[in-house]
J.: 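Please find one structure pasted underneath; my questions will follow.
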Amino acid sequence: MQVQIGSTRPSNLATDALLFAVHGKGGRRSAAWQALNQAIGGGLDGLLKLCGWSGRAGELVAFPAPAGLKARLVLVGGLGEKGGDTVARIRDLATKAAGQMSQAHLTRLGVYLEPALDPRLELDRPSVQAIGEGLEHGAYRFDAHRSRGDQDPPPDLEQVFLYFEGRKDRPLLAAALDRGAVIGRAQNIARDLVNQPGNVINPSGLEAYARKLAEERGISITVLDEAACRERGMEAFLAVGRGAADRSRLVHMTWSPPNPRRRVALVGKAVTFDSGGLCLKPAASQATMKMDMGGSAAVIGAIVAAAELGLDTEVHAIFAACENMTGADAYRTGDILRAANGKTIEVLNTDAEGRLTLADALHYAGGLEPDMIIDLATLTGACVVALGPHVAGIMGTGRGLIRDLRSAGDRAGEPMWELPMPEEYKELLKSKVADLSNVGGRWGGAITAGLFLAEFAPKGIPWAHIDIAGPCFYDKPIGGRAYGATGFPVRALTEWLTFS
Ligand code: BES
Ligand code: MN
Ligand code: ZN
């Protein structure tokens, strides 16, 4: 995607589509509105009325470019009233615009943002980065498995022109747009991994995909097979994959820049399909459980972004990949397992498998002695009940870490809400025969899962656990966002890695 920043008027720009984003109802004082109205020779209000456009945030209409423009399609998007989360709205409009363009097979876009046309409001890094993120997000399709899909695939966006009057900030804005596009593409990698079904992205498929990404980007990768994991005492992790035909493995990717300012371990849940094991899930609940490796997809997306942006933090992406199945050697309800840190666990539900895999992966991460550890997991249905499909749960021991992650998430449009970890609830995890039970009862399920992980998070290293069971995957379009994998929270992690 070629990026240009300039002051060419909309009427003079030869391109495929023009996107105007305006505040409010696009009243006459709006500079973007005026520029467009002038370019088409007046009558814009009537046109928009015909299209049913009312100027709500996120609303986007398209109409063929009237005479007077050198473009073919005009898109008018609403930024809502001033004072809202303009960055999120810009990202949203860019997403929708890219969707329209790819449907219409258009490849060149001119963007006229109202703030850019208003001398009192400067376009800044976050809003321009959001354009890049949104354009990549909106152009994404998952049709790898449609037999009619490749006949006429939509072309990639080739050229983006961003209107900007000033001279001195142009390189900064161009870099921000590029940066957003890099992040958007890294997020799409995570979406692809999650959207791929369990028969494609099984543990060996996930390893192969990670290897390919790593090789192409100067990321190093090591893989521990089952025997190596057994040697390290990872019985909790290995138990989960025992009922599957494809073997479990622990994957460790490293981005190591020269003279890193700090070292961070990102641990992702990587259950490539969660049938529930012997405590089998009903069919309807299994239907989306290819998404249960969404934590690993997020850490892969984040390390790819770190490498492509050349970030100065050493990043370790770690995931214990397995499939929770019901084969002859499957682990049983009542089994007692010894985790790598020596603690014993009574399995009272084979469907609470994620925490078993993470227990050993967290212990492994501790062995690297990083400055902090973040784990990401589609861990509990209870977290979805608590926070719904847009918001992730976050908890842990790293106070500053959680604060910084939450604020990065707010800036990136990937919100996280902190859940408490009350001491008293620890007794819910008591077992009659082992150190811990793997389930904590009906209430506070997201919290007891976090408290379970806390028993395995290495002491003395700030740790945050992010439960992404809700926002990882939408089983239907919601709030104008597409069906399927979201890539949550690759943007937030990259924002945090860069600016915290
Ligand atoms: N992978 C699921 C959690 C999940 C549910 C993710 C819905 C995304 C959407 C996890 O392994 C699981 O089955 N958790 C159980 C835990 C329970 C048995 C304690 C759950 O949430 O019901
Ligand atoms: Mn489960
Ligand atoms: Zn699971």
Side-chain angles (χ1 to χ4, degrees), residues 193-203 205-206 236-248 268-297 319-335 337 345-359 361 376-389 392-393 428-429 437-450 452-453 467-476 478 483-486 488:
L193 278 166
V194 171
N195 281 329
Q196 287 287 9
N199 61 330
V200 175
I201 294 296
N202 56 10
L206 185 56
F237 161 45
L238 291 180
V240 176
R242 267 181 18 213
D246 195 38
R247 302 324 302 164
S248 302
K269 173 174 170 181
V271 175
T272 60
F273 175 69
D274 180 11
S275 73
L278 291 176
C279 306
L280 198 63
K281 285 181 187 293
S285 308
Q286 289 183 35
T288 54
M289 280 304 132
K290 64 175 184 181
M291 66 127 106
D292 215 14
M293 35 58 71
S296 67
F319 49 95
C322 63
E323 200 181 6
N324 190 17
M325 299 291 271
T326 59
D329 195 32
Y331 74 135
R332 304 163 202 78
T333 316
D335 279 2
L337 312 168
I345 306 162
E346 181 187 14
V347 177
L348 288 178
N349 192 322
T350 60
D351 197 13
E353 84 297 339
R355 60 197 76 184
L356 300 173
T357 69
L358 289 167
L376 298 109
T378 47
L379 202 60
T380 66
C383 199
V384 194
V385 172
L387 299 173
L428 297 171
L429 292 166
S437 150
N438 78 327
V439 290
R442 182 159 155 72
W443 309 116
I447 293 172
T448 51
F452 180 93
L453 295 183
D467 191 330
I468 58 170
C472 174
F473 189 94
Y474 295 154
D475 54 12
K476 55 175 185 291
I478 169 162
Y483 164 86
T486 60
F488 188 107

J.: I need the minimum non-hydrogen distance between Gly445 and Thr448, along with the two atoms involved.
T.: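 Heavy atoms only, the tightest pair is O-OG1, 3.3 Å.
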
J.: Checking Lys269 side chain against Gly294 main chain: does a donor-acceptor pair fall under 3.5 Å?
T.: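 Not a single qualifying donor-acceptor pair exists.
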
J.: Give a yes or no answer on whether the side chain of Asp467 reaches the backbone of Thr380 with a donor-acceptor pair at less than 3.5 Å.
T.: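 At least one qualifying donor-acceptor pair exists.
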
J.: Which value, rounded to the nearest 0.5 Å, describes the distance between Met289 atom CE and Phe473 atom CZ?
T.: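 Going from CE on Met289 over to CZ on Phe473, the span is 9.5 Å.
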
J.: With distance as the sole criterion, is a donor-acceptor pair present between the side chains of Asn202 and Thr272 under 3.5 Å?
T.: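 No.
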
J.: Starting at CE of Met325, measure out to CZ of Phe273 and round the result to the nearest 0.5 Å.
T.: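 Atom-to-atom, Met325:CE and Phe273:CZ are 6.5 Å apart.
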
J.: Are the side chain of Thr333 and the backbone N or O of Leu348 linked by a donor-acceptor pair below 3.5 Å?
T.: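 A pair under 3.5 Å: no.
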
J.: Which atoms form the tightest heavy-atom contact between Tyr474 and Pro389, and what is the distance?
T.: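 Nearest heavy atoms, Tyr474 then Pro389: CE2-O, 3.3 Å.
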
J.: Taking all non-hydrogen atoms of both residues, which atom of Ala392 and which atom of Ile468 are closest, and how far apart?
T.: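 Heavy atoms of Ala392 and Ile468 come nearest at CB-CG2, 4.3 Å.
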
J.: For the CG atom of Asp292 and the SG atom of Cys322, what is their distance to the nearest 0.5 Å?
T.: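 Rounded to the nearest 0.5 Å, the CG-SG separation comes to 9.0 Å.
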
J.: Check Leu193 against Ala297 and note the closest heavy-atom contact, atom names and distance.
T.: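 Nearest heavy atoms, Leu193 then Ala297: CB-CB, 4.0 Å.
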
J.: As a quick check of understanding, evaluate side chain to side chain contact (heavy atoms under 4.5 Å, CB included) for Val194 and Met293, giving each step before the final call.
T.: CA-CA 7 Å; Val194 171; Met293 35 58 71; 4.2 Å; yes

J.: List the atom pairs, donor and acceptor, that lie under 3.5 Å between side-chain atoms in residues 274-284 and the rest of the protein, sequence neighbours left out.
T.:
residue	atom	partner	partner atom	Å
Asp274	OD1	Gly276	N	2.9
Asp274	OD1	Asn324	ND2	2.9
Ser275	OG	Gly277	N	3.0
Ser275	OG	Asn324	O	2.6
Lys281	NZ	Asp351	OD1	3.3
Lys281	NZ	Asp351	OD2	2.9

J.: I need the Arg355 CZ to Ile345 CD1 distance, nearest 0.5 Å.
T.: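 Interatomic distance, Arg355 CZ to Ile345 CD1, rounded to 0.5 Å: 10.0 Å.
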
J.: Just by distance, do the side chain of Asn438 and the backbone of Val347 share a donor-acceptor pair under 3.5 Å?
T.: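 Not a single qualifying donor-acceptor pair exists.
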
J.: First locate atom CD of Glu323, then atom CZ of Arg247, and finally report the distance between them rounded to the nearest 0.5 Å.
T.: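 Rounded to the nearest 0.5 Å, the CD-CZ separation comes to 10.0 Å.
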
J.: Hey, does the side chain of Tyr331 reach the backbone of Thr350 with a donor-acceptor pair shorter than 3.5 angstrom?
T.: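 The answer is yes, because a donor-acceptor pair under 3.5 Å joins these two groups.
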
J.: Starting at CZ of Phe452, measure out to CG of Leu358 and round the result to the nearest 0.5 Å.
T.: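 Nearest 0.5 Å value for the CZ-CG distance: 9.5 Å.
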
J.: Between Phe319 and Gly268, which heavy-atom pair has the shortest distance, and what is it?
T.: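 Shortest heavy-atom separation between Phe319 and Gly268 comes out as CB-O, 3.3 Å.
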
J.: side-chain contact (heavy atoms from CB on, under 4.5 Å) with Phe237: which of Leu337, Leu356, Thr357?
T.: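 When Leu337, Leu356, Thr357 are each tested with Phe237, the side-chain contact (heavy atoms from CB on, under 4.5 Å) holds only for Thr357.
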
J.: Would you name the heavy atoms of Leu379 and Ala469 that are closest together and state the gap between them?
T.: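 Answer, listing the atom of Leu379 first, then Ala469: N-CB, 4.0 Å.
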
